[in-house]
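Protein chains get the first letters and strands the later ones, always in sequence-line order, with residue 1 at the start of each.
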Amino acid sequence: MDPRGNLDRTIDLHIHDGVLTIAPPEIPKDADVIRLNGHIVTPGWFDLHVHLREPGREVAETIDSGCQAAMNGGFTGLACMPNTDPPLDDAGRVQWVLDRAAPWPVDVHVIAAATRGREGKELVEMSELHDIGVQAFSDDGSAIRSTAVLRHAMEYAHMLGARVFEHAEDASLVHGGVMNEGEWSTRLGLPGMPTIGEALDVLRCILLAEYTDAPVHICHVSAKESVEWIRWAKGKGLAITAEVTPHHLLLTDEFCKDFDTDYKMNPPLRSEADRQACREGFRDGTLDTYCTDHAPHTWEAKMQEFDLAPFGIVGLETALGLAFTHLIPDVVSLEEMISRAVYAPREILHIPVPRIATGEPADLTIINPTAHWTVDPAAFKSKSRNTPFKGWSLTGQARGIVSKGCAVIRDI
Amino acid sequence: MSLLPHKHLLSLADYSEQDIAILLDTAERMKEILDRPVKKVPTLRGVTVVNLFMEPSTRTRISFELAEKRLSADTLNFSASGSSLSKGETLLDTALNIEAMKIDVVVMRHKSPGSPHFLARHLDAIIINAGDGCHEHPTQALLDMLTLRQKFGTLKGLHVGLVGDISHSRVALSNIIGLSKMGAHVVLCGPTTLIPRGVERFGVSITHSLDETIRTCDALNILRIQLERQEAGLFPSLREYQAYFGLTRRRLDQAKAPLTILHPGPINRGVEITSDVADSEHSVILQQVTNGVAVRMAVLYLLAGAQPVAAETKM
């Protein structure tokens with residue numbers, strides 16, 4: 001299925017030297033034949049927000065394990081965030097990550113830091129980074145605190161045809177918070193992070209986008225107010241894009257009630273009203289893309305008191321199953337989901353969008369839409385296990401990818 | 001084996017009206033023991049209790065320790081200073097090591113909300129929450145309710161004002177939960193910046209006028225105000241706090257009938273409460289302290305009293 005090519009039928013695909021031929025008149029005798037009856041083949045899914053943790057936190061994830069997790073989850077491409085240790089803020093470090101990822105059949109793109117050391121003061125050498133393929137800049141993990149620095153980062157990136165990805169957060173409002181501020185933070189005695197802590201920064205980005213004409217991308221939208229402001233900005237024709245995670249579409253802050261740190265992430269799980277707003281925003285396209293904010297942490301790091309444990313959950317290996325079980329067709333149609341998970345993220349990065357058409361590189365995700373499975377973190381390819389979806393029963397599972405001339409297929 | 005339908009006391013939120021009534025009734029019987037010439041019973045003989053206090057506390061720890069000793073439990077104290085926690089050992093490892101020494105009950109004070117819940121998931125021991133950050137302090141609310149019930153005969157229909165820093169008070173949250181379950185009406189009084197978001201969902205009334213609270217309530221529980229809240233910008237000065245939210249004799253005289261005054265301690269004399277109020281005939285602050293021992297004996301007895309090892313000893 002490739003909605004852009006109006007392709008939605010059962011056909012033979014022939015792949016030779018990594019190039020597709022659709023509905024070939026005859027199948028060459030020496031070809032390996034894989035029968036995919038009952039499966040859906042889409043262009044390869046792309047996760048726009050992944051933390052690969054390398055360099056620095058190889059105990060939680062490496063480029064190798066992250067790529068394997070992506071493949072296992074049905075992603076043929078991903079963009080990784082620069083908040084490693086040291087941060088990915090110069091061409092040498094970025095090239096090192098790209099080189100390490102190159103052997104894997106996953107198209108890895110690096111989102112470079114927007115400011116040197118992610119300190120929010122001086123811009124990174126964006127032109128040089130853009131020359132080696134960087135299309136986005138972000139201090140993700142925190143916001144760019146100075147509005148002047150954010151403005152200059154947006155303007156300079158715009159010159160290159162790239163954009164800033166903002167982790168929207170007003171530090172003074174969310175300072176010290178560990179979960180959404182509201183009824184549940186009060187019930188649990190935990191310091192809260194108000195929704196306006198996110199929405200204020202979203203509004204700041206919108207005003208800058210309007211004033212400078214530069215595009216901006218809002219990471220992991222979680223608050224109702226943010227969705228409303230982004231919808232308003234898009235209505236005005238501003239170049240603003242946004243992403244939403246499976247957990248903000250499916251969970252609420254009430255899930256924190258047992259103090260399980262696998263429900264602790266930033267931005268935090270919000271109220272039911274926020275969740276509904278995110279779903280509506282995803283349905284109507286206000287939120288452009290579906291991405292995981294895959295944030296691996298070791299068992300030791302998460303096995304702490306709730307307020308001391310780090311923020312973040314893994315998502316690469318559950319996102320597709322959650323989409324098929326809980327979002328299609330209740331929130332979006334399958335065609336729309338493909339648009340959000342395949343086309344939109346690549347368009348935001350200005351990289352080629354894979355197509356299922358003769359002569360195109362074979363870049364595919366193979367899905368069994370009726371497979372029943374239970375999320376077992378111990379079976380993850382990721383080095384980390386921190387998922388709130390442990391034990392969930394899902395219907396629909398990635399069964400393989402084809403990418404970079406390589407096919408990785410299982411359980412057909 | 002617990003004599004309540006719970007293994008632990010983590011949050012009053014988990015306890016029903018009936019559970020709380022059983023606890024308060026049992027505490028009354030425990031109080032009789034405290035009035036005897038020999039203030040000790042063999043009920044928890046052979047039961048080992050560790051008081052795991054990872055945050056400074058004097059009165060709660062002493063109160064628990066005394067309750068344990070009155071019931072003949074073997075007790076030991078573990079406090080953060082001088083412990084392995086300061087050497088970077090995790091809470092879980094510390095707790096597993098303590099449990100490996102065959103401990104039956106852990107009484108726990110910790111600055112992180114939910115830390116007793118965390119231990120309860122990983123240990124076999126009975127966990128009693130002695131205060132977890134800004135979350136709950138169940139035994140404090142139980143002793144407050146016991147004190148009020150002794151004074152008024154019942155909690156049903158009683159109007160109880162909680163005055164001060166509601167946002168950062170585990171005493172307030174446990175009182176809100178407990179009193180509401182027992183049919184009392186809770187009035188929260190404090191500056192807007194110290195009233196937590198969403199607290200109205202508990203069915204409480206909220207006011208920012210201490211005079212109005214005094215006019216409408218039967219009893220006031222005055223919470224301790226901490227200087228660090230002023231430093232965080234949540235109110236302008238202790239001077240202004242004292243002037244607008246401090247309980248004084250002059251304010252108290254406006255009450256229609258004499259108000260009963262509670263305070264969880266330790267008191268900041270002259271800040272949230274003046275000495276002439278704290279020491280007045282309407283103050284039940286020292287009765288609260290006595291009731292604290294009785295309530296903690298009741299909790300220990302009901303949760304651990306039917307341990308197999310102590311089964312042959314009856315109170």
Just wondering, do A/M303 and B/H122 contact through their side chains at under 4.5 Å, heavy atoms? yes
If you measure from [atom1] on [X] to [atom2] on [Y], what distance do you get to the nearest 0.5 Å?
| X | Y | atom1 | atom2 | result |
| --- | --- | --- | --- | --- |
| B/M54 | A/E305 | CE | CD | 7.5 Å |
| A/T195 | B/R197 | OG1 | CZ | 6.5 Å |
| B/F118 | A/T261 | CZ | OG1 | 7.5 Å |

Compare every heavy atom of B/H135 with every heavy atom of A/R187, then report the nearest pair and how far apart it is. O-CD2, 3.2 Å
Which heavy-atom pair separates A/G189 from B/P113 by the least distance, and what is that distance? O-CG, 3.2 Å
Is the count of non-hydrogen atoms from other residues, nucleotides or ligands lying under 6.0 Å from [X] atom [atom1] greater than 12?
| X | atom1 | result |
| --- | --- | --- |
| B/R224 | CZ | yes |
| A/K381 | NZ | no |
| A/W184 | CH2 | yes |
| B/Q18 | CD | no |
| A/H175 | NE2 | no |
| B/D124 | CG | no |

Neighbourhood of chain A inside residues 172-187 of chain B, taking heavy atoms under 4.5 Å as contact: B/L173
Pairs of heavy atoms under 4.5 Å with chain B: top-ranked of A/L308, A/D258, A/L188: A/L188
Considering only heavy atoms and a distance below 4.5 Å, find which of B/S11, B/S115, B/G198 pairs most often with chain A. B/G198
Filter on salt bridge (charged side-chain N to carboxylate O under 4.0 Å, His left out), then keep only pairs touching residues 229-238 of chain B, sequence neighbours left out; what's left? B/D165-B/R229
Are B/R121 and A/F259 in a cation-pi setup, meaning NZ or CZ lies under 6.0 angstrom from the ring centre and within 45 degrees of the ring axis? no
Which atoms of B/H168 approach chain A - backbone, side chain, both or neither, heavy atom under 4.5 Å: neither
